[in-house]
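Before any comments, here is the structure.
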Amino acid sequence: MKIIRKIKEMQSHSEHLRLEGKKIGFVPTMGYLHRGHLSLVNAVRPLCDVVVMSIFVNPIQFAPDEDFNSYPRDFKRDKKLAEQSGVDVIFYPSDDEIYKENHLTTVKVKKVTEIMCGESRPTHFEGVTTVVIKLLNIVKPHIAVFGQKDAQQAVVIKKMIEDLNFDIKIIISPLIREKDGLAVSSRNSYLSSDERKDAVVLYKSLMFAKKEIKNGEKSARIIVDKMKGLILKKKSVKLEYIYITDPNTLDKVDPIDRKVLIAIAAYVGKTRLIDNIIV
Ligand code: AMP
């Protein structure tokens with residue numbers, strides 16, 4: 001497995017692979033790898049000749065009061081896990097390599113970034129789309145894979161790729177969960193053991209909503225109210241939002257008359273977690 005830290009070297013490596021007719025699959029991550037990340041590698045590997053993973057904790061997608069500095073990092077461990085799962089190249093740049101002192105350009109997707117996570121994190125998605133576009137220009141993949149765990153991010157990135165005519169296939173890979181249902185996340189490492197137990201209520205409330213819909217409940221408002229009731233019972237959990245939306249446009253759906261995305265964001269203690277299902 002190759003480790004590349006410089007943009008120019010990554011670009012010329014990818015250019016060579018392309019000239020040799022090799023198909024490049026790309027898995028962007030912020031590292032501290034877990035089964036969710038590795039499932040993305042597994043999803044893209046059969047579709048390409050070379051798997052490139054980036055590990056970069058992107059400073060511009062964090063607001064000043066968020067957890068950029070404390071975000072978990074362990075490159076030695078990541079390197080081992082990536083190699084075991086069949087990654088061919090890790091692109092692991094420094095912050096200065098990605099954002100030169102005079103960096104002035106950002107990429108912004110409108111509308112779908114202004115709701116849900118965009119309400120409490122108004123600069124987040126601009127940070128995400130800017131770094132993703134930069135990484136795509138550096139890694140030059142044919143295919144890039146993102147997780148359904150970040151359902152809104154997946155919609156935003158697909159829209160950007162479509163609007164800017166990028167000739168790259170985007171794959172959205174299923175959400176990976178712990179045995180008790182909690183969505184696997186690097187941020188789960190912040191949870192105390194009591195918070196870890198309480199955190200499962202997010203998944204449970206989603207399963208409850210799914211059951212309600214299957215039993216014929218059509219009112220999104222009633223379902224959201226009942227979910228809130230369940231979540232409020234857990235002391236350490238503070239709900240930020242529950243949205244029931246169209247999975248592609250993120251437009252609110254009420255009454256529920258089609259396939260919907262049910263998405264939650266909540267603080268468990270000081271840790272902000274997100275989860276979702278499609279019903
Ligand atoms: P992150 O390192 O958190 O930025 O995540 C990198 C990629 O892994 C994103 O496309 C995420 O959606 C995806 N990912 C993170 N957690 C999971 C999970 N539990 N299941 C599936 N994909 C995930």
Side-chain angles (χ1 to χ4, degrees), residues 25-45 47 51-63 66-68 70-75 77-79 81-82 85 87 90-93 95 98 112-113 116-117 121 124-136 139 141 143-161 168-191 196 199-200 202-203 206 247 261 263-265 268 271-278:
F26 180 39
V27 183
T29 81
M30 299 207 296
Y32 210 67
L33 300 181
H34 52 60
R35 287 190 298 118
H37 297 118
L38 302 180
S39 74
L40 305 186
V41 176
N42 290 336
V44 81
R45 206 192 300 102
L47 309 174
V51 178
V52 179
M53 171 185 276
S54 62
I55 296 183
F56 180 63
V57 184
N58 175 34
I60 70 165
Q61 72 187 63
F62 292 79
E66 291 181 351
D67 57 342
F68 173 69
S70 57
Y71 195 84
R73 295 161 169 91
D74 188 345
F75 184 66
R77 180 173 159 276
D78 286 350
K79 205 165 80 178
L81 288 172
S85 70
V87 170
I90 298 184
F91 178 55
Y92 178 51
D95 294 0
I98 294 293
V112 286
T113 59
M116 300 165 75
C117 292
R121 309 184 76 192
H124 171 69
F125 287 112
E126 194 170 341
V128 171
T129 43
T130 299
V131 81
V132 168
I133 280 286
K134 283 167 72 69
L135 290 169
L136 294 177
V139 174
I143 310 169
V145 58
F146 296 86
Q148 177 61 23
K149 160 81 179 3
D150 296 270
Q152 187 176 10
Q153 171 176 284
V155 169
V156 170
I157 285 168
K158 281 196 289 190
K159 194 75 192 96
M160 171 178 78
I161 294 295
I168 295 175
K169 186 176 165 61
I170 301 293
I171 295 172
I172 307 302
S173 196
L175 196 161
I176 303 297
R177 299 183 178 281
E178 301 290 356
K179 272 211 180 78
D180 61 3
L182 178 69
V184 176
S185 164
S186 307
R187 289 194 170 97
N188 292 348
S189 64
Y190 298 150
L191 300 172
R196 173 65 187 79
V200 187
L202 304 185
Y203 172 69
L206 291 169
L261 169 74
I264 299 190
V268 182
T271 306
R272 188 175 180 279
L273 299 180
I274 55 172
D275 199 348
N276 70 85
I277 51 165
I278 292 180

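Whatever order the structure lists ligands and atoms in, that order sets their numbers, starting from 1. Keep in mind it's a predicted model, so treat the numbers as computed, not measured.
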Worksheet entry | Region of H34 engaging ligand 1 - heavy atom pairs below 4.0 Å | side chain
Discussion item. If you measure every N or O of S185 against every N or O of ligand 1, does any of those distances drop under 3.5 Å?
Written reply: no
Discussion item. Check D180 with R196, please: is the shortest side-chain N to carboxylate O separation under 4.0 Å?
Written reply: yes
Worksheet item: Any donor-acceptor pair under 3.5 Å linking the side chain of Q61 with the backbone of F125?
Response: no
Worksheet, complete the sentence: A student checking ligand 1 against G36 at a 4.0 Å heavy-atom cut-off should list atoms 17 (C), 18 (C), 20 (N), 22 (N)
Fill in: Backbone N/O of I277 and side chain of D275: donor-acceptor pair under 3.5 Å
no
Practice prompt. Taking the six-membered ring for Trp and the single ring otherwise, decide whether the centroids of Y92 and F75 are under 6.0 Å apart.
Written response: yes
Response to the item:
atom 13 (C) of ligand 1: closest protein heavy atom, distance to 0.1 Å, is L40 CD1, 3.7 Å
Item to complete: Give a yes or no on whether the backbone of R77 and the side-chain of D74 come within a donor-acceptor separation of less than 3.5 Å.
Response: yes
Worksheet item: Hey, which atoms in ligand 1 end up nearer than 4.0 Å to a heavy atom of P28?
Response: 6 (C), 7 (C)
Worksheet item: Checking S189 side chain against S186 main chain: does a donor-acceptor pair fall under 3.5 Å?
Response: yes
Practice prompt. Mark up the atoms of ligand 1 that fall under 4.0 Å of a heavy atom belonging to D150, in ascending order.
Written response: 11 (C), 12 (O)
Worksheet item: Where does the angle between the aromatic ring planes of F62 and Y71 fall among parallel (under 30°), tilted (30 to 60°) and perpendicular (over 60°)?
Response: perpendicular
Item to complete: Check each atom of ligand 1 against the heavy atoms of T29 and keep those under 4.0 Å away; list them by number with element.
Response: 2 (O), 6 (C)
Discussion item. Below 4.0 Å, non-hydrogen atoms only: which portion of S186 touches ligand 1? Side chain, backbone, both or neither.
Written reply: neither
Worksheet item: Are the side chain of T29 and the backbone of S54 linked by a donor-acceptor contact shorter than 3.5 Å?
Response: yes
Practice prompt. For atom 4 (O) of ligand 1, grab the closest protein heavy atom and report residue, atom and distance to one decimal in Å.
Written response: M30 CG, 3.5 Å
Worksheet, complete the sentence: Looking only at protein heavy atoms, what sits closest to atom 17 (C) of ligand 1 is K149 CB, 3.5 Å
Worksheet item: What residue and atom, counting heavy atoms only, is the protein's closest point to atom 20 (N) of ligand 1, and at what distance?
Response: I176 N, 2.9 Å
Worksheet item: Can a salt bridge be assigned to the pair R187 and D67 using a cut-off of 4.0 Å between side-chain N and carboxylate O?
Response: yes
Item to complete: Examine distances only and state if a side-chain atom of N276 and a backbone atom of I264 form a donor-acceptor pair shorter than 3.5 Å.
Response: no
Practice prompt. Quick one: pull up CD1 in I90 and CZ in F56 and give me the separation to the nearest 0.5 Å.
Written response: 15.0 Å
Discussion item. If the threshold is 4.0 Å, N to carboxylate O, is there a salt bridge linking R272 and E66?
Written reply: no
Discussion item. For ligand 1 and F146, I'd like to know whether there is a polar contact (N/O to N/O, distance under 3.5 Å).
Written reply: no
Worksheet item: Does an N or O from L175, backbone or side chain, lie closer than 3.5 Å to an N or O of ligand 1?
Response: no
Worksheet item: Is there a heavy atom of A154 sitting under 4.0 angstrom from any atom of ligand 1?
Response: no
Response to the item:
Among non-hydrogen protein atoms, atom 21 (C) of ligand 1 lies closest to P174 O, 3.3 Å
Item to complete: Would you check the N or O atoms of V184, main chain and side chain alike, for any that come under 3.5 Å of an N or O of ligand 1?
Response: yes
Worksheet entry | N/O separation below 3.5 Å, H37 to ligand 1 | yes
Discussion item. Are any of the N/O atoms on A183, whether in the backbone or the side chain, positioned under 3.5 angstrom from an N/O atom of ligand 1?
Written reply: no
Discussion item. Among all the protein's non-hydrogen atoms, which is closest to atom 10 (O) of ligand 1, and how far away is it?
Written reply: G147 N, 2.9 Å
